[in-house]
2 protein chains.
Amino acid sequence: MGKHGAEEGREAGTAQRRRLDQAAELCAKRGQTLTPLRRRVFEIVLAADRPLGAYDVMEILARDRGRVAPPTVYRSLDFLVSQGLVHKVLSVNGFVACSASARPHDAQLFICGSCGSSVEVAKKSHAGLIEEEAAALDFAIESVVLEVHGRCHACRLATANPTVHP
Amino acid sequence: MGKHGAEEGREAGTAQRRRLDQAAELCAKRGQTLTPLRRRVFEIVLAADRPLGAYDVMEILARDRGRVAPPTVYRSLDFLVSQGLVHKVLSVNGFVACSASARPHDAQLFICGSCGSSVEVAKKSHAGLIEEEAAALDFAIESVVLEVHGRCHACRLATANPTVHP
DNA sequence: CGTCATGGCGTTACTTTATAACATGACATC
DNA sequence: GATGTCATGTTATAAAGTAACGCCATGACG
Ligand SMILES: [Zn+2]
Ligand SMILES: [Zn+2]
Ligand SMILES: [Zn+2]
Ligand SMILES: [Zn+2]
């Protein structure tokens, strides 16, 4: 993925530290462990303001721990996804922290093609409609990928202002 | 992608030939050309009973034309997608023929994890809901990815039969 | 205590998917 | 016949993801 802006903060704020602790607790409740590596990967994803590619995470990890191989980071990311802490964003081959963090669910994401930011909204209404359609097909739903692409509010405002330099 | 079953029929039936001719006409109307290569690629995708990977298409193409390089097939597939004749299926890295073939649109696909088949349904109702949510975020939608995973009718019936390939 | 199963991680090597960059050919237009 | 364009060929490489094996810490069990 692309270069970084202010996205990958080395030190998490208090809010994020609490998120991490909550996550650890959540995993523990399920008999799973948020190991130091997994915790650090989650921290990295949390600190980003947009979906990060697995190789981005690798690169950031490398600053702490030296070279890390792809399987290491993929395993951690997959774990976090399995715990519902992180969502995989297919349309950008990336991973983004779940903004709800309740329990595992399919995310609905609005992804900006300009700045790359993504916003998760609680999926509600159309879930019902999709289920209806599935029922009509006698199709047993296991998961739903719903990713909306376009331009976010901030980027639309920026476009109106021609004062941005290339 | 996986190995093939009865999916990649060398000779198209009459129905498919008509689809191809319609497609050619459609492209022409837009000042675009369905060249022999593009036509053949479309034919291959049409003949498949499930999404094909670009490299699957390459392999099938190779039977006719000898070795074909990735850019060749990706370009043709991208063209077909741009014409709305084919949909890209992100969640399986594949390409499937549009079953409506009207004009370009975002597809809603039901994809079976057992047999790999995919069914396209006309997206209607929830489009409105997504638009509402987008409006609330002041987000300008450009495209929507909606892929539902699960088990299709046929595979659910076959559940007793362990003869379905994993 | 030993030993055995387990889970998490490291490492190597590899596969699959996709694109950049540049060259060629065909055909239109001036 | 030069110039532009579009589609395709070609080479090389990037980007994303996985298989397979082995190590070590932990904890159960005799
Ligand atoms: Zn979420
Ligand atoms: Zn934006
Ligand atoms: Zn369609
Ligand atoms: Zn099926």
Side-chain angles (χ1 to χ4, degrees), chain A residues 1-4 23-24 27-28 30-42 44-45 51-62 64-83 85-96 116 145 147, chain B residues 1-4 23-24 27-28 30-42 44-45 51-62 64-83 85-96 116 145 166:
Chain A
M1 306 208 93
K3 286 286 105 210
H4 13 273
C27 292
R30 294 171 184 152
Q32 303 289 103
T33 327
L34 190 70
T35 64
L37 175 67
R38 289 165 174 174
R39 186 182 172 105
R40 175 74 183 114
V41 169
F42 188 31
I44 289 169
V45 174
L52 290 183
Y55 282 72
D56 293 332
V57 174
M58 259 184 66
E59 201 182 307
I60 297 171
L61 266 180
D64 298 47
R65 328 198 141 217
R67 145 100 182 161
V68 186
T72 299
V73 63
Y74 276 105
R75 283 189 289 230
S76 285
L77 287 168
D78 290 348
F79 171 84
L80 295 170
V81 168
S82 81
Q83 296 304 302
L85 297 167
V86 161
H87 295 296
K88 172 145 205 196
V89 191
L90 286 175
S91 46
V92 301
N93 292 321
F95 297 85
V96 71
V145 176
E147 300 175 9
Chain B
M1 306 213 88
K3 284 287 107 207
H4 14 270
C27 292
R30 295 172 183 151
Q32 302 289 102
T33 327
L34 190 69
T35 63
L37 174 67
R38 290 165 174 174
R39 186 181 174 107
R40 176 74 184 115
V41 169
F42 187 31
I44 289 169
V45 173
L52 290 183
Y55 282 73
D56 293 332
V57 174
M58 256 185 66
E59 201 183 307
I60 297 169
L61 267 180
D64 298 47
R65 328 197 141 217
R67 146 97 182 161
V68 186
T72 299
V73 63
Y74 275 105
R75 283 190 288 230
S76 284
L77 287 168
D78 290 348
F79 171 84
L80 295 170
V81 168
S82 80
Q83 297 304 301
L85 297 167
V86 161
H87 295 295
K88 171 146 205 194
V89 191
L90 286 174
S91 47
V92 300
N93 291 321
F95 297 85
V96 70
V145 176

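Note on naming: letters A, B, ... go to the chains in the order of the sequence lines (proteins, then strands), and numbering restarts at 1 for each one. Treat the numbers as computed from the prediction; the structure is a model and nothing was measured.
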Discussion item. Between P on dA15(D) and CG on L52(A), what's the gap in Å once rounded to a whole number?
Written reply: 16 Å

Worksheet item: In the 5'-to-3' direction, what one-character label does each nucleotide of nucleotides 6-14 of chain C receive under the scheme B = base within less than 4.0 Å of a protein heavy atom, S = sugar-phosphate only, - = no such atom?
Response: --SBBBB--

Item to complete: Answer yes or no: does a side-chain N or O of N93(A) lie under 4.0 Å from OP1 or OP2 of dA15(D)?
Response: no

Fill in: Face-to-face contact Y74(B) to dT19(C) six-ring, under 5.5 Å, under 30°
no

Worksheet item: So which heavy atom on S76(A) is nearest to which on V41(A), and how close?
Response: CB-CG2, 3.8 Å

Discussion item. A69(A): which residues meet the side-chain contact (heavy atoms from CB on, under 4.5 Å) condition with it, sequence neighbours left out?
Written reply: R67(A), P71(A)

Response to the item:
Between CE of M58(B) and C1' of dA18(C) the distance, given in whole Å, is 12 Å

Response to the item:
When rounded to whole Å, the CG to P distance for the pair D78(B) and dT8(D) reads 12 Å

Worksheet item: In whole Å, what is the span from the CG atom of L77(B) to the C1' atom of dA7(D)?
Response: 15 Å

Worksheet item: How would you list, by chain and number, every residue that makes a side-chain contact (heavy atoms from CB on, under 4.5 Å) with F79(A), sequence neighbours excluded?
Response: C27(A), Q32(A), L34(A), R38(A), S82(A), Q83(A)

Worksheet item: Between P51(A) and G116(A), what is the shortest heavy-atom contact and its length?
Response: CD-O, 3.3 Å

Worksheet item: OP1 or OP2 of dT17(C) sitting under 4.0 Å from any side-chain N/O of K88(B)?
Response: no

Item to complete: Indicate yes or no: at least one non-hydrogen side-chain atom of V45(B) is less than 4.5 angstrom from one of L77(B).
Response: yes

Discussion item. Please report the distance, rounded to the nearest Å, between CG in D56(A) and C1' in dA16(D).
Written reply: 11 Å

Worksheet item: Reading nucleotides 24-30 of chain C from the 5' end, what letters show protein touch, with B for base, S for backbone sugar-phosphate only, - for no heavy atom under 4.0 Å?
Response: -------

Practice prompt. Find out whether I60(A) and L52(A) are in side-chain contact, i.e. whether some heavy atom of one side chain is under 4.5 Å from a heavy atom of the other.
Written response: yes

Item to complete: Write down the distance between OH (Y55(B)) and P (dG17(D)), rounded to a whole number of angstrom.
Response: 15 Å

Response to the item:
dist L61(A):CG -> L37(A):CG (nearest 0.5 Å) comes out at 6.0 Å

Practice prompt. Identify, with sequence neighbours excluded, every residue that meets side chain to side chain donor-acceptor pair (under 3.5 Å) alongside T72(A).
Written response: none

Worksheet item: So do V145(B) and L90(A) actually touch side chain to side chain, heavy atoms under 4.5 Å?
Response: no

